[in-house]
Amino acid sequence: MPLSPEQQAEIDALRASPQPTLRAVAPGMEKHLYTARPVLDHGFVRVIDYMGDDAAICQAARVSYGKGTKSVQNDEGLIRYLMRHWHSTPFEMCELKLHVKLPVFVARQWIRHRTANVNEYSARYSILDREFYIPAPEHINAQSEVNNQGRGDVLQGEEAARVLEILKADSARCYDNYEAMISGDGQAGLARELARMNLPANIYTQWYWKVDLHNLFHFLRLRADAHAQYEIRVYADAICEMVADWVPAAYGAFEDYRMGAVTMSSQMVECLRRMLKGEAVTKENSGMSAREWREFEEVIA
Ligand SMILES: Cc1cc2nc3c(=O)[nH]c(=O)nc-3n(C[C@H](O)[C@H](O)[C@H](O)COP(=O)(O)OP(=O)(O)OC[C@H]3O[C@@H](n4cnc5c(N)ncnc54)[C@H](O)[C@@H]3O)c2cc1C
């Protein structure tokens, strides 16, 4: 269970005491505030705070004294123009602060995104909970034979059971030893900052993560993508849904001009032009490497 009854009570109390404000409020995001959205077996994402909305992007772009909005169509058109032409700074005017609970091996991928502010739960100060990510059976896969950085078929039967058993037993044994090492019961006990080193990478950690919308879109483009590992993708997917409710016009532009868009090299563009003229373009006469040609075929298929 991602949240204890005490944590849930704290969230309920926060949601029960709304404050009047002169700040911009995004109605779609209010419903997400404080609420923990479950991800994986023990993880969650919850919105702690946000700043700005679609109008704030237009306000900044127009450097306006007032709200900066014109008509809804005008604003949406401006946002789409900004996104299409990589005018990124107006998107930096919106901010999102999240509380995330995630396995350590996912956190290692996530932390590579340097353009955010992070504060992580201290395992020097506190004792980590006995919570480990154990994949659901449909997410226990063999190594992919075509992609060194990916998964193949789902493991079945005895092989799946064998792997699951190892994962569970190792997690339990390591945590038992962690507890035994920090125990002060009649012994000195090892410091928490040292005892944690035998814990496996599937143990859960937590952090506050604050990022502006431009850099959040960059994170989401990379981590909500099919090439990202499933265990980080599910977090990115959950955040995508929140962002779609928060800044619907900006999210729509992001879907069209980032997620759904492709980048073509000059060779690819040239090949496409030749094809449109009716020329038979092949890998051999394309001027591209085998890999780039494969990527080109994926785009035009
Ligand atoms: C599918 C996938 C596979 C990956 N595989 C690997 C891997 O095998 N090994 C590995 O090490 N990493 C891997 N990564 C991580 C990847 O290389 C990036 O580190 C990560 O995606 C963060 O991207 P970023 O640096 O653009 O993001 P951020 O750190 O958020 O930066 C955003 C942008 O800000 C600018 N920026 C930020 N900091 C600096 C700086 N110090 N100097 C200059 N410009 C800066 C850059 O333009 C950058 O694109 C993988 C990522 C993905 C999505």
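Counting starts at 1 for both ligands and their atoms, in listed order.
Counting heavy atoms from C-beta on, the side chains of Y235 and R223 never come closer than 4.5 Å.
In plain terms, the two heavy atoms of F296 and M264 that are nearest each other are CE1-CE, 4.3 Å. When every heavy atom of L213 is checked against every heavy atom of W246, the shortest pair comes out as CD1-CZ3, 3.8 Å.
When atom types are taken as modelled, the side chain of R192 and the backbone of Y125 share a donor-acceptor pair closer than 3.5 angstrom.
Using a cut-off of 4.0 Å between Lys/Arg side-chain N and Asp/Glu carboxylate O, D75 and R80 are scored as not salt-bridged.
Residues of the protein with a heavy atom under 4.0 Å from ligand 1 are R112, H113, R114, T115, Q149, H218, L222, R223, H227, listed by chain and number.
Taking the centre and axis of the six-membered ring of W86, the NZ or CZ atom of R258 falls inside the cone set by 45° and 6.0 Å.
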